[in-house]
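First comes the structure, then the notes that go with it.
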There are 2 protein chains.
Amino acid sequence: MSKVFVSAQEVAERAGVSRSAVSRTFTQGASVSAETRRKVLEAAESLGYHVNHLARGLMRNESGIVCLIVSEIGTPYRSALIRAITQQLQLSGKIAMLINTDRSDGSVDLALRQAIRYRADASIILSGLPDKRIAQLCLKSGQRLVLINRDDDQEGPLRINLDDAEAARRVLTAFVRAGCRNLAFANSEAGTPSLMARESGFIAAAMEMQLEVTVARYGHTGYEAGRVLAQRLLTLPHRPDAVFCATDLIACGFMDAARQQFSISIPDQLCVAGFDDIEQASWASYDLTTFAQPVDEIARTAVMWLSQGQDLNERVKLHAELVWRSSIRGG
Amino acid sequence: MSKVFVSAQEVAERAGVSRSAVSRTFTQGASVSAETRRKVLEAAESLGYHVNHLARGLMRNESGIVCLIVSEIGTPYRSALIRAITQQLQLSGKIAMLINTDRSDGSVDLALRQAIRYRADASIILSGLPDKRIAQLCLKSGQRLVLINRDDDQEGPLRINLDDAEAARRVLTAFVRAGCRNLAFANSEAGTPSLMARESGFIAAAMEMQLEVTVARYGHTGYEAGRVLAQRLLTLPHRPDAVFCATDLIACGFMDAARQQFSISIPDQLCVAGFDDIEQASWASYDLTTFAQPVDEIARTAVMWLSQGQDLNERVKLHAELVWRSSIRGG
DNA sequence: CACAGTATTGCAATGCTGTGCAATCCAGTT
DNA sequence: AACTGGATTGCACAGCATTGCAATACTGTG
């Protein structure tokens with residue numbers, strides 16, 4: 001309980017060198033003789049010395065910390081993304097600070113303030129959008145910002161998005177090829193840009209083929225919403241024979257309700273598509289045709305951008321690959 | 001790209017006070033007049049000042065950082081626990097650093113070293129066990145350690161575990177009451193203490209009732225393992241009529257394989273129980289009887305212990321509540 | 001052996017904040 | 001008016017590591 005970390009000073013004394021020598025031993029590319037280095041490392045090892053990154057960050061004006069601002073951490077897609085990002089960050093010598101914004105809604109701003117306090121080199125935002133003023137404050141402080149799947153026209157941050165509309169078009173083609181004419185779109189009420197892009201992309205593609213789409217929206221983006229949406233859409237006079245769900249979680253709920261409460265056989269009587277390719281989509285009970293979020297590519301893109309000095313204010317659109325499974329006929 | 005954070009010095013100049021006054025304004029319980037406070041806050045707001053937690057941590061010898069050392073972040077149970085812990089940490093004014101140890105295997109030690117470098121006040125370990133020497137180093141530095149679900153006899157850390165054996169006993173009772181006699185246990189090869197405790201607890205309870213248990217182990221703890229285990233156990237001459245799966249993920253895989261490949265009806269021909277109560281266990285396709293990991297209680301216990309000064313070296317056993325659903329007959 | 005050139009090393013300043021200590025201010029009291 | 005006690009305030013040091021600069025050690029060459 002003494003809380004005594006050993007400092008470079010002590011290592012220096014034990015090794016019989018100056019404090020600078022210790023510092024240089026632990027700094028990439030600094031000039032130290034092999035002999036000094038050996039003595040320092042030995043002393044450090046025996047005392048249990050570790051460079052104090054707080055002090056280093058203070059001095060270098062670069063903490064090595066990257067803030068991950070996330071809501072709904074327990075969700076399959078989010079947690080997969082977190083996994084990928086932390087891995088990439090660690091590979092490039094940085095470390096992730098995780099901020100959970102599930103509580104209130106001003107909390108993204110709170111999170112960004114926290115990021116500033118710890119002098120994070122960057123923040124990666126996977127939940128709501130930050131207030132423009134605070135985002136500017138971050139950028140002005142030299143902190144970089146990455147927005148994932150939340151389209152925004154602010155200048156400065158890197159914005160990574162998927163080709164949602166393109167994906168929606170492909171789903172439509174698949175549905176039509178399977179002989180479906182009675183289309184539906186199952187969405188949540190969250191209204192995030194990527195969800196809305198899937199919805200409007202789907203509707204637009206349908207319109208080109210003279211087809212109509214019944215849209216239903218309900219609650220948060222999750223399994224339960226899928227069940228409720230199934231209740232709504234499958235009790236319509238013209239029952240849909242194909243439904244594109246805005247996310248896999250919604251699709252799972254939808255499929256379960258369709259089978260158990262309406263005894264509908266998938267894909268014979270109803271074709272279903274999802275989005276995200278969460279692990280559960282591949283489970284035998286669902287075997288859902290869906291679009292894979294390129295989580296590793298997203299993570300690589302974000303972290304690479306953080307390491308580069310130039311090219312602020314960029315916009316990247318990544319491709320979501322169709323993963324064909326048995327929830328759509330034909331293929 | 002200027003990377004210029006505003007410092008207390010600048011705020012002091014703008015407000016026409018000393019730097020100490022600024023510091024005191026942002027320190028709980030320090031003595032500042034209302035007028036000075038007002039001037040400081042105003043200047044701080046207009047300049048966009050935020051206390052530098054790196055410097056504060058350096059000075060106070062208390063960074064406010066808690067390291068979460070986790071493997072398999074994308075897994076439902078793990079991510080739910082991360083969510084609960086980050087929430088609790090934030091409520092008590094701390095912040096989580098997330099370290100992903102999925103890569104190599106010495107990585108828990110690497111992670112702890114990282115924790116020391118950032119002078120984390122504590123580390124919470126949800127993955128492998130740390131080398132004893134390094135754990136000692138952490139404790140000696142005044143860093144606290146929490147081990148969740150990984151029993152270990154080291155002195156110093158808080159160890160939080162569940163009553164796995166007790167749970168196993170209750171499952172057995174339920175199986176017997178449902179008329180099952182041909183018992184099986186489906187485990188992974190991971191061999192973590194909690195998994196093994198469930199296994200041996202189940203076997204011990206069965207033995208008391210003169211029943212035998214067929215044990216199978218395979219691969220990592222996940223859905224795929226469940227499928228393989230089903231292949232093995234359901235092709236035995238004496239096919240089991242009840243199986244206790246070490247985790248819900250295994251149970252989901254097991255159920256899917258049982259139904260689709262063996263056309264077994266659950267719970268009529270086979271009773272299934274799981275452990276963790278992940279979200280998917282409540283999905284209609286599974287509706288799995290299982291034990292709820294008290295994630296919020298775990299998180300509260302851990303964070304509370306971190307805030308208290310005394311009582312190092314403690315051992316806490318929490319209760320996993322049975323969640324009764326339809327995968328076991330009767331109820 | 002002298003000298004140029006390079007590799008090491010130590011000094012001291014720097015980054016930012018918290019806090020003990022002494023000085024100062026203010027209000028209230030006799 | 002002098003004095004007392006408490007609240008504020010500023011000074012200066014501490015905490016830890018990085019790094020420019022100048023001094024020193026070392027290597028090789030003519």
Side-chain angles (χ1 to χ4, degrees), chain A residues 2-41 43-44 47-65 116-121 141-143, chain B residues 2-41 43-44 47-65 116-121 141-143:
Chain A
S2 44
K3 189 94 184 183
V4 179
F5 285 92
V6 13
S7 74
Q9 180 64 57
E10 301 170 58
V11 177
E13 280 162 18
R14 170 130 180 178
V17 298
S18 77
R19 201 181 31 254
S20 319
V22 177
S23 178
R24 291 197 171 100
T25 301
F26 291 100
T27 305
Q28 281 289 345
S31 163
V32 207
S33 73
E35 172 60 8
T36 309
R37 180 184 204 78
R38 195 191 54 71
K39 283 192 293 186
V40 169
L41 286 178
L47 291 174
Y49 170 76
H50 292 269
V51 176
N52 185 335
H53 271 48
L54 302 180
R56 170 179 280 186
L58 196 56
M59 190 63 209
R60 288 217 186 133
N61 215 3
E62 186 179 308
S63 61
I65 297 172
I116 295 180
R117 291 202 189 95
Y118 279 98
R119 298 300 187 260
D121 298 334
S141 312
Q143 184 177 141
Chain B
S2 46
K3 189 97 184 180
V4 179
F5 285 92
V6 15
S7 73
Q9 181 65 55
E10 301 170 57
V11 176
E13 281 163 18
R14 170 132 182 175
V17 299
S18 78
R19 214 183 43 66
S20 316
V22 177
S23 178
R24 289 193 172 102
T25 300
F26 291 101
T27 305
Q28 281 289 345
S31 164
V32 207
S33 73
E35 173 61 8
T36 310
R37 180 185 204 77
R38 195 191 53 71
K39 283 191 293 185
V40 169
L41 287 178
L47 291 174
Y49 170 75
H50 292 268
V51 176
N52 185 335
H53 272 46
L54 301 180
R56 170 179 279 185
L58 196 57
M59 187 64 210
R60 288 220 185 128
N61 214 4
E62 186 180 310
S63 61
I65 297 172
I116 295 180
R117 290 201 190 97
Y118 278 97
R119 298 300 188 260
D121 298 333
S141 313
Q143 183 176 140

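Here is how names work: the chains are called A, B, and so on, in the same order as the sequence lines, proteins then strands, and each is numbered from 1.
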Take atom [atom1] of [X] and atom [atom2] of [N], then tell me their distance rounded to the nearest Å.
X: A:N61; N: D:dT18; atom1: CG; atom2: P; value: 14 Å
X: B:F26; N: C:dT19; atom1: CZ; atom2: P; value: 15 Å
X: A:H53; N: D:dG15; atom1: NE2; atom2: P; value: 22 Å
X: A:L58; N: D:dT19; atom1: CG; atom2: C1'; value: 14 Å
X: A:M59; N: C:dG15; atom1: CE; atom2: C1'; value: 6 Å
X: B:Y118; N: D:dC16; atom1: OH; atom2: P; value: 18 Å
X: B:Q28; N: C:dT17; atom1: CD; atom2: C1'; value: 16 Å
X: A:H50; N: D:dA17; atom1: NE2; atom2: P; value: 12 Å

Please determine, for the side chain of [X], which listed nucleotide ([options]) has the closest atom?
X: B:A8; options: C:dT9, D:dA17, C:dT17; result: C:dT17
X: A:R60; options: D:dC16, D:dT19, C:dT17; result: D:dT19
X: B:S20; options: C:dG10, C:dT17, C:dT19; result: C:dT19
X: B:S33; options: D:dT9, D:dC16, C:dG10; result: D:dT9
X: B:R19; options: D:dG10, C:dC16, C:dG18; result: C:dG18

Is it the case that the side chain of A:E10 and the backbone of A:S7 share a donor-acceptor pair, with hydrogens and angles ignored and the cut-off at 3.5 Å?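 Flag set: sc A:E10 to bb A:S7 pair under 3.5 Å.
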Under 3.5 Å: donor-acceptor pair, side chain of B:R119, backbone of B:I116: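 Yes; at least one donor-acceptor contact below 3.5 Å.
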Atom [atom1] in [X], atom [atom2] in [Y]: separation rounded to 0.5 Å?
X: B:F5; Y: A:R117; atom1: CZ; atom2: CZ; result: 12.5 Å
X: B:Y49; Y: B:L41; atom1: OH; atom2: CG; result: 11.0 Å
X: A:R24; Y: A:S18; atom1: CZ; atom2: OG; result: 7.0 Å

Counting the atoms with a prime plus P, OP1 and OP2 as sugar-phosphate, which does A:S31 contact under 4.0 Å by heavy atoms, base, sugar-phosphate, or nothing?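 Answer is base: heavy atoms of A:S31 come under 4.0 Å of a base.
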Determine the contact category for A:V32: base if any of its heavy atoms lies under 4.0 Å from a base atom, sugar-phosphate if only primed atoms, P, OP1 or OP2 are that close, otherwise nothing.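 Sugar-phosphate contact only - A:V32 comes under 4.0 Å of backbone atoms but never of a base.
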Donor/acceptor link under 3.5 angstrom from B:R56 side chain onto base of C:dG15: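 There is none.
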Between the two end axes of the helix from C:dC1-D:dG30 to C:dT30-D:dA1, each built from 5 base pairs, what angle do you get to the nearest 10°?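 One end's axis against the other's: 50°.
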May I ask you to verify if any side-chain N or O of A:Y49 is less than 4.0 angstrom from the OP1 or OP2 atom of D:dA17?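 Answer is yes, contact under 4.0 Å.
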With a cut-off of less than 4.0 Å, is there a side-chain N or O of A:S23 near OP1 or OP2 of D:dT19?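 For D:dT19, OP1/OP2 do not have a side-chain N/O of A:S23 under 4.0 Å.
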Let me spell it out: for each of A:R24 and B:E35, pick the nucleotide of DNA chain D with the closest heavy atom. Which residue's pick is nearer the 5' end?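 This one resolves to B:E35.
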For [X] and [Y], work out which heavy atoms get closest and say how close.
X: A:T36; Y: A:A21; result: CG2-CB, 4.0 Å
X: A:V40; Y: A:V11; result: O-CG1, 3.9 Å
X: B:F26; Y: B:A44; result: CZ-CB, 3.9 Å

